[in-house]
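All remarks here apply to the structure that follows.
Numbers restart at 1 for each chain; the letters A, B, ... are given by sequence-line order, proteins then strands.
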Amino acid sequence: MPELKLFNTLSRTKEIFKPINDPNVKMYTCGPTVYNYAHIGNLRSYIFPDILKKLLTYIGYDVRQIINFTDVGHLINDADIGDDKIEKAAAEKGQTAWELSKYYAEAFKRDITALNISFPSKFTYATEYIQQQIDMIRTLEQKGFTYLTSDGVYFDTQKFPDYGKMAKLDIEGLDEGLRVDFKDKKNKTDFALWKLSPNDQKRQMEWDSPWGKGFPGWHIECSAMIFSELGSHIDIHTGGTDHIQVHHTNEIAQSECSAEGKFVNYWVHGAFLVLDKDKRMGKSEGNFIGLQNLIEEGFYPLAYRYLTLTSHYRSFLSFSPDILKSAQTSYFNLKKLIRSASEKNDDLNNEKAIIYAKKIIDSLLDDMNVPKAIGIMWDLVQDNEVGGKNKIDIIANYDQILSLNLLDFSDFPELQIEIPQEIVDLANQRWDIRQKKDFQESDRLRKVIQSKGFDIKDSKDKFDIVPII
RNA sequence: GGCGGCAUAGCCAAGUGGUAAGGCAUGGCUCUGCAAAAGCUUGAUCCCCAGUUCAAAUCUGGGUGCCGCCUCCA
């Protein structure tokens with residue numbers, strides 16, 4: 001099997017990937033909290049695991065991937081309120097928390113489908129693993145890693161010597177007090193495993209537990225779902241870089257204390273999408289752009305996928321409508337070149353094609369250097385010494401991993417817009433006039449057509465009508 | 001305050017020791033009655049300073065600027 005190198009956050013270096021149980025690969029992708037639509041920055045974090053999964057599959061591994069939905073329990077900012085984002089958003093929309101989270105989970109599935117992100121082996125919902133979470137907390141309790149406070153069960157991070165190792169945390173230096181409900185905790189890094197419902201408030205989402213009615217803490221769900229679906233030791237865990245310090249650090253702590261031994265072999269973290277002014281896009285930042293917003297503006301979801309693939313998954317990706325516009329142009333230009341290669345369909349079967357193919361897979365195997373692979377694809381499709389058939393074979397092969405629909409020519413923007421009869425009539429009229437060499441009048445008619453959103457391309461004995469995009 | 005990251009042409013972006021991929025935009029040319037499309041073509045000493053080296057965008061040190069995490073966020 002070809003050698004894949006992955007940048008592992010644990011060592012901060014690229015390591016050669018070795019599965020625990022070859023050829024099986026267990027992979028967990030930290031999913032969304034479903035109290036709103038995913039924005040395009042969130043969605044970026046599901047594209048690179050999709051590439052990773054497809055790459056692993058391509059080189060011969062059997063991948064089992066889980067993506068979770070956090071459909072309960074994330075607090076807004078103050079534990080004393082006892083309110084969480086899902087319940088709050090539901091109240092605002094006049095829905096139940098259950099309806100709301102279901103709705104956004106479905107919206108997420110729709111978005112990733114549009115982006116050609118294939119579904120995991122299984123989607124898991126945190127609320128369907130309450131018992132497993134309680135069981136894990138009990139295990140931790142029995143082993144002495146927890147303590148009770150007035151509002152729940154907490155994990156005592158001091159009992160886990162390796163706490164914060166991956167994040168290289170300097171616990172002394174953490175800004176103490178910034179973390180919620182610090183007042184009741186023994187250490188500032190301690191975190192809630194089970195939160196008790198406030199006495200004076202009835203939550204929509206709450207469950208009985210050995211410690212009283214309440215709901216799971218912020219991190220336990222991932223560990224419980226992983227243990228339940230993949231086991232206590234997995235190969236790959238993906239997520240955004242913002243989770244390194246808290247969420248994943250806590251996952252490691254509770255998991256490795258619950259079961260003995262290593263929890264995750266390879267932690268793979270993706271960088272943020274940033275806006276023009278280098279600002280992070282965030283659900284709380286008020287600069288939210290969803291995939292549907294882009295579609296409404298006339299962008300193609302796969303143009304967005306293409307954009308994300310032109311930048312390395314560990315680098316910031318700059319985003320603006322102009323940047324996406326240029327990516328979309330580039331994307332369709334690439335497809336046009338591929339289309340003309342497919343029309344040629346000559347088989348030169350030369351060494352060069354083989355070299356291109358090798359360069360592409362080598363780039364992908366080097367910590368998923370997708371942007372480099374795409375650059376090589378550009379060189380390939382523009383190389384006149386390589387036959388059309390050879391090009392198509394290579395593109396078809398690697399599009400299994402990139403999933404850009406590079407061989408589907410039915411989605412060109414000019415083919416998507418129906419030409420109104422009025423425009424067709426005008427164009428025919430113009431053509432007749434032009435045949436009579438009345439260029440002044442034919443140019444006038446072209447301007448009329450242009451003002452209605454279409455353009456005319458003349459050639460020797462025919463013309464084409466194309467929408468202006 | 002602590003920890004981490006980034007700085008490559010107008011814009012996006014590869015490259016991590018051997019003399020700057022690729023894309024978008026722009027200018028020029030060809031084609032065209034004109035245009036569009038298409039094809040060809042044009043461009044950077046890699047934030048600054050110092051050092052190591054035969055050789056640095058790439059390594060080291062020091063600056064400057066920007067960003068992220070430490071509070072739910074990918």
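Annotation: cation-pi geometry satisfied between A:K109 and A:F123 (NZ/CZ under 6.0 angstrom from ring centroid, within 45° of ring axis). Cation-pi geometry between A:R339 and A:F332 is not satisfied (NZ or CZ under 6.0 Å from the ring centre, within 45° of the ring normal). Taking the ring centre of A:F7 as origin, the terminal cationic atom of A:R314 falls inside the region bounded by 6.0 Å and 45° from the ring axis.
For the pair A:F439 and B:G33, the ring geometry qualifies as stacking, because the centroid separation is below 5.5 Å while the planes lie within an angle under 30°.
Of all nucleotides present, none satisfies the Watson-Crick or G-U wobble test against B:A21 with each distance under 3.5 Å. The base-pairing partner of B:G43, taking Watson-Crick or G-U wobble contacts with both distances under 3.5 Å, does not exist among the strands shown. In this entry B:G1 has B:C70 as its Watson-Crick or G-U wobble partner, both defining distances falling under 3.5 Å. In this structure B:A50 sits in a base pair with B:U60, meeting the Watson-Crick or G-U test at under 3.5 Å. When Watson-Crick and G-U wobble pairs are counted only if both distances are under 3.5 Å, B:G65 pairs with B:C6.
If A:Y331 and A:A167 are placed on RNA chain B by their nearest nucleotide, the residue sitting closer to the 5' end is A:A167. Map A:G240 and A:Y313 each onto its nearest nucleotide of RNA chain B; the residue landing nearer the 5' end is A:Y313.
With sequence neighbours left out, the side-chain hydrogen bond (donor to acceptor under 3.5 Å, both in side chains) criterion links A:H269 to A:T9, A:H248. Residues that satisfy the salt bridge (charged side-chain N to carboxylate O under 4.0 Å, His left out) test with A:D366, not counting sequence neighbours, are A:K14.
Rounded to whole angstrom, the span from the CG atom of A:D366 across to the P atom of B:A14 amounts to 13 Å. In this structure, CG of A:D362 is placed 19 Å from P of B:A14, rounded to the nearest angstrom. Between the NZ atom of A:K188 and the P atom of B:G2 there is a distance of 12 Å, rounded to whole Å. Distance A:K359 NZ to B:A14 C1': 13 Å, rounded to the nearest Å. Whole-Å rounding puts the A:Q328 CD to B:A13 C1' distance at 18 Å. One can place CD1 of A:I323 at 7 Å from C1' of B:C11, the figure rounded to the nearest angstrom. Rounded to an integer number of Å, the gap from NZ of A:K457 to P of B:U32 is 18 Å. Regarding A:Y163, its OH atom lies at a distance of 13 Å from the C1' atom of B:C3, rounded to whole Å.
Nucleotides B:U8 and B:C3 are separated by 26 Å at their P atoms, to the nearest Å. Comparing the C1' positions of B:A50 and B:A56 gives an interatomic distance of 14 Å, to the nearest angstrom. A gap of 13 Å separates the P atoms of B:C40 and B:G22, to the nearest Å. To the nearest whole angstrom, the two P atoms, one in B:U58 and one in B:U16, are 12 Å apart. Nucleotides B:C73 and B:A25 have their P atoms positioned 39 Å apart, rounded to a whole Å. For B:C67 and B:C12, the P atoms lie 15 Å apart once the distance is rounded to whole Å. Taking atom P in both B:A9 and B:C46, the straight-line distance is 10 Å, to the nearest Å. Rounded to whole Å, the P atom of B:G43 lies 25 Å from the corresponding atom of B:A35.
For the atom pair CE of A:M377 and CG of A:L402, the computed distance is 4.5 Å after rounding to the nearest 0.5 Å. Remark: A:W207 CH2 to A:Q133 CD distance equals 8.0 Å, nearest 0.5 Å.
The base of B:A35 lies close enough to the side chain of A:R446 for a donor and an acceptor atom to sit less than 3.5 Å apart. At a cut-off of 3.5 angstrom, counting only N and O atoms as typed in the model, there is a donor on one side and an acceptor on the other between the side-chain of A:R434 and the base of B:G33.
Note on A:D379: only backbone sugar-phosphate atoms sit closer than 4.0 angstrom, heavy atoms only; bases stay farther off. Note on A:I456: a base of the nucleic acid sits closer than 4.0 angstrom, heavy atoms only. Residue-level contact check: A:S363 touches neither bases nor backbone, having no heavy atom under 4.0 Å from any strand. Residue contacts for A:F272: at a heavy-atom cut-off of 4.0 Å it reaches a base atom on one of the strands shown. Looking at heavy-atom distances under 4.0 Å, A:G270 makes no contact with the nucleic acid at all. Using a 4.0 Å heavy-atom cutoff across all strands shown, A:L273 reaches at least one base atom of the nucleic acid. Counting any heavy atom pair closer than 4.0 Å across all strands shown, A:A271 reaches a base atom. Within 4.0 Å (heavy atoms only), A:Y46 reaches sugar-phosphate atoms of the nucleic acid but no base atom. The residue A:K168 sits close only to the backbone: its heavy atoms come under 4.0 Å of sugar-phosphate atoms, none of a base. Nucleic acid contact for A:S330: sugar-phosphate only, since backbone atoms but no base atoms lie under 4.0 Å from a heavy atom of the residue.
Under 4.0 Å is where a charged nitrogen must lie from a carboxylate oxygen, and between A:R434 and A:D438 no such pair does. The pair A:R446-A:D443 meets the salt-bridge criterion, with a side-chain N (NZ, NE, NH1 or NH2) lying under 4.0 Å from an Asp/Glu carboxylate O. Comment: A:K462 engages A:D464 in a salt bridge, judged by a side-chain N to carboxylate O separation of less than 4.0 angstrom.
With a 6.0 Å radius and a threshold of 12 heavy atoms from other residues, nucleotides or ligands, A:Q95 has its CD atom above the threshold.
The side chain of A:N369 places an N or O atom within less than 4.0 Å of a non-bridging phosphate oxygen (OP1 or OP2) of B:G15. The phosphate of B:G5 has neither OP1 nor OP2 within less than 4.0 Å of any side-chain N or O from A:S315. Close to B:C73, at under 4.0 Å from its OP1 or OP2, lies no side-chain N or O of A:T70. Using a 4.0 Å cut-off, some side-chain N or O of A:H243 falls inside it from OP1 or OP2 of B:C73.
Picking from B:C12, B:A25, B:A74 the nucleotide with the shortest atom distance to the side chain of A:T329 gives B:A25. When distances run from any side-chain atom of A:D242 to the nucleotides B:A14, B:C73, B:A13, the shortest one goes to B:C73. Closest approach to the A:S326 side chain among B:A74, B:C24, B:C12 is made by B:C24 (side chain taken as heavy atoms from C-beta onward). Comparing atom distances between the A:S45 side chain and each of B:A74, B:G23, B:C12 picks out B:A74 as nearest. Considering only side-chain atoms of A:D443, the nucleotide from B:A74, B:A13, B:C34 that sits closest is B:C34. Residue A:Q245 has its side chain nearest to B:G2 when only B:A35, B:A74, B:G2 are considered.
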Give each protein N/O atom lying under 3.5 Å from an N/O atom of nucleotides 38-40 of chain B, with the pair distance.
none

Please step through side chain to side chain donor-acceptor pair (under 3.5 Å) for the pair A:Y28 and A:E229, ending with a clear verdict.
CA-CA 10 Å; A:Y28 183 82; A:E229 293 295 332; over 6 Å; no

